[in-house]
*Asks:* 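Here you go, one structure.
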Amino acid sequence: MAVEAAVAEAGLRIVCRHPVSLTPSEVRFLWSEYTDGAHVLMLAFLERYLGDGPSEVLLLAGPDAFEAARRVKRAIRSRYANGPFANLIHTAERRGELARQANHLFGRCAACADPFVSDEPLVNAPRPAGRDFRREVDVPGLVESLWPALQSADPPAPAPHRLGGRAPESALYLGADPAHSLDSTVTAVWSALPGIALAHAVTLMLYAGRVGGYPIAVGGQRAVSRGHRTLIAHGITACGIGPAPVRHGA
């Protein structure tokens with residue numbers, strides 16, 4: 001299989017492997033940077049992504065195993081991932097995160113239960129918070145409705161939101177901003193684009209984060225400028241104003 005081949009190519013070997021089925025409480029424990037109320041969208045997506053079926057945890061060993069495992073993750077994601085919820089593979093980015101996750105996932109196995117230790121904090125720093133959208137929508141239902149498109153081999157490009165009834169003069173572009181969370185970015189997009197449905201805001205944000213600069217809205221110059229100012233006010237820096245995309249056949 002692809003993962004096993006990538007592990008071998010990185011000079012690592014599989015010491016132990018365990019099937020796991022993660023509960024919502026375990027998702028919150030393992031991904032400690034997300035909290036109820038501040039990251040309702042991310043947690044709902046993670047629960048759907050990680051808790052929908054069985055997963056497998058691999059314990060790897062070899063030279064510089066921590067960095068080599070991260071290279072395995074990047075290799076697999078570059079080949080197969082279509083977005084943050086089609087990653088297929090997870091590896092800790094920090095040694096403290098590794099200790100927290102591995103001690104929980106491997107602690108029940110006598111063969112690999114030696115505790116992982118780290119001089120880094122075991123709890124990840126909180127990610128930027130967003131709006132509690134449970135007041136607006138059924139969040140699990142929203143995730144379920146979007147899931148097939150997010151898991152497709154080639155997720156379709158969502159149409160930009162239309163600002164006003166005038167012919168589009170310019171467009172508001174959004175890119176990936178690693179300083180923000182899914183919830184904080186969706187909150188900014190939802191606030192910047194009056195009248196947009198939350199599902200549309202989510203798909204625009206995820207698509208823009210995957211492909212880079214993408215027009216999330218089109219409209220008159222004043223409306224686009226207002227949207228841009230709102231994104232900036234929310235701390236979004238990977239955004240800008242540009243020409244409206246030309247429609248095919250126009």
Side-chain angles (χ1 to χ4, degrees), residues 33-35 37-46 82-86 126-147 149-150 152 154-250:
E33 60 268 41
Y34 302 115
T35 59
H39 307 96
V40 295
L41 295 175
M42 188 64 180
L43 285 173
F45 276 111
L46 281 176
N82 291 319
F85 306 110
R127 298 287 289 148
R131 183 183 180 88
D132 187 344
F133 284 107
R134 291 174 295 188
R135 292 173 288 183
E136 278 77 34
V137 299
D138 169 16
V139 172
L142 171 71
V143 171
E144 197 63 34
S145 69
L146 295 176
W147 199 250
L150 297 181
S152 65
D154 187 18
H161 179 64
R162 188 71 174 265
L163 292 170
R166 299 177 58 185
E169 299 170 331
S170 58
L172 179 58
Y173 287 79
L174 180 69
D177 194 336
H180 281 268
S181 68
L182 182 149
D183 287 79
S184 65
T185 306
V186 170
T187 296
V189 170
W190 186 78
S191 302
L193 307 182
I196 192 171
L198 182 57
H200 194 189
V202 171
T203 55
L204 283 168
M205 175 265 161
L206 290 175
Y207 193 83
R210 186 169 71 90
V211 304
Y214 184 75
I216 62 171
V218 296
Q221 293 180 358
R222 289 185 178 179
V224 169
S225 294
R226 283 195 298 270
H228 183 239
R229 289 195 299 270
T230 301
L231 290 182
I232 295 295
H234 278 78
I236 304 297
T237 59
C239 61
I241 298 173
V246 177
R247 293 184 301 170
H248 294 294

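Remember, predicted model here, so these are calculated numbers, not experimental data. We use all heavy atoms of the structure for the numbers below, so side chains are in, but hydrogens, waters and symmetry mates are not.
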*Asks:* Mark yes or no for whether Asp132, through its side chain, and Val40, through its backbone, hold a donor-acceptor pair below 3.5 Å.
*Replies:* no
*Asks:* Sequence neighbours left out, what passes side-chain hydrogen bond (donor to acceptor under 3.5 Å, both in side chains) with Ser170? Give chain and number order.
*Replies:* none
*Asks:* Is Leu172 close to Leu163 at the side-chain level, that is, under 4.5 Å between some pair of heavy atoms?
*Replies:* no
*Asks:* Checking His161 now: which residues fulfil side-chain hydrogen bond (donor to acceptor under 3.5 Å, both in side chains) with it, not counting sequence neighbours?
*Replies:* none
*Asks:* Yes or no on side chain to side chain contact (heavy atoms under 4.5 Å, CB included) for Leu198 and Val186, after CA distance, side-chain angles and deciding distance?
*Replies:* CA-CA 8 Å; Leu198 182 57; Val186 170; 3.7 Å; yes
*Asks:* So which atom in Ala179 and which in Pro128 form the shortest heavy-atom distance, rounded to 0.1 Å?
*Replies:* O-CG, 3.2 Å
*Asks:* Applying side-chain hydrogen bond (donor to acceptor under 3.5 Å, both in side chains) as the test, list every pair that has at least one member in residues 191-214; sequence neighbours left out.
*Replies:* none
*Asks:* Closest approach of Arg162 and Pro168, non-hydrogen atoms and distance?
*Replies:* NH2-CD, 3.3 Å
*Asks:* Should Pro245 and Tyr173 count as side-chain neighbours, where that means a heavy-atom distance under 4.5 Å?
*Replies:* yes
*Asks:* Let me confirm one number: the CD1-SG distance from Ile232 to Cys239, rounded to the nearest 0.5 Å.
*Replies:* 4.0 Å
*Asks:* Of all residues at least two apart in sequence or in a different chain, which pass the side-chain contact (heavy atoms from CB on, under 4.5 Å) check with Asp138?
*Replies:* Pro140
*Asks:* In chain order, what residues pass the side-chain hydrogen bond (donor to acceptor under 3.5 Å, both in side chains) check against Arg226, with sequence neighbours excluded?
*Replies:* none
*Asks:* Exactly one of Ile196, Leu146, Thr185 should register a side-chain contact (heavy atoms from CB on, under 4.5 Å) with Val202. Which one does?
*Replies:* Leu146
*Asks:* Out of curiosity, Thr35 OG1 to Leu43 CG, how far, rounded to the nearest 0.5 Å?
*Replies:* 7.0 Å
*Asks:* Give a yes or no answer on whether the side chain of Arg127 reaches the backbone of His180 with a donor-acceptor pair at less than 3.5 Å.
*Replies:* yes
*Asks:* Check step by step if side chain to side chain contact (heavy atoms under 4.5 Å, CB included) holds for Val224 and Val218.
*Replies:* CA-CA 7 Å; Val224 169; Val218 296; 5.9 Å; no
*Asks:* Are His39 and Leu182 packed together at the side-chain level, in the sense that at least one heavy-atom pair is separated by less than 4.5 angstrom?
*Replies:* no
*Asks:* Report the residues that fulfil side-chain hydrogen bond (donor to acceptor under 3.5 Å, both in side chains) with Thr187, sequence neighbours left out, ordered by chain and then residue number.
*Replies:* none
*Asks:* List the atom of Leu204, the atom of Pro215, and the distance in Å for their closest heavy-atom pair.
*Replies:* CD2-O, 4.4 Å
*Asks:* Pairs in or reaching into residues 227-245: which pass side-chain hydrogen bond (donor to acceptor under 3.5 Å, both in side chains), with residues at least two apart or in two chains?
*Replies:* Asp177-Thr237
*Asks:* Checking Arg222 now: which residues fulfil salt bridge (charged side-chain N to carboxylate O under 4.0 Å, His left out) with it, not counting sequence neighbours?
*Replies:* none
*Asks:* When you measure from the side chain of Ser181 to the backbone N and O of Ala129, does any donor-acceptor pair fall under 3.5 Å?
*Replies:* no
*Asks:* Just verifying a value: how many Å separate Ile216 CD1 and Leu231 CG, rounded to the nearest 0.5 Å?
*Replies:* 5.5 Å
*Asks:* Report the residues that fulfil side-chain contact (heavy atoms from CB on, under 4.5 Å) with Glu136, sequence neighbours left out, ordered by chain and then residue number.
*Replies:* Arg131, Phe133, Trp190
*Asks:* Do Leu206 and Leu150 have side-chain heavy atoms sitting under 4.5 Å apart?
*Replies:* yes
*Asks:* What residues form a side-chain contact (heavy atoms from CB on, under 4.5 Å) with Ala176, not counting sequence neighbours?
*Replies:* none
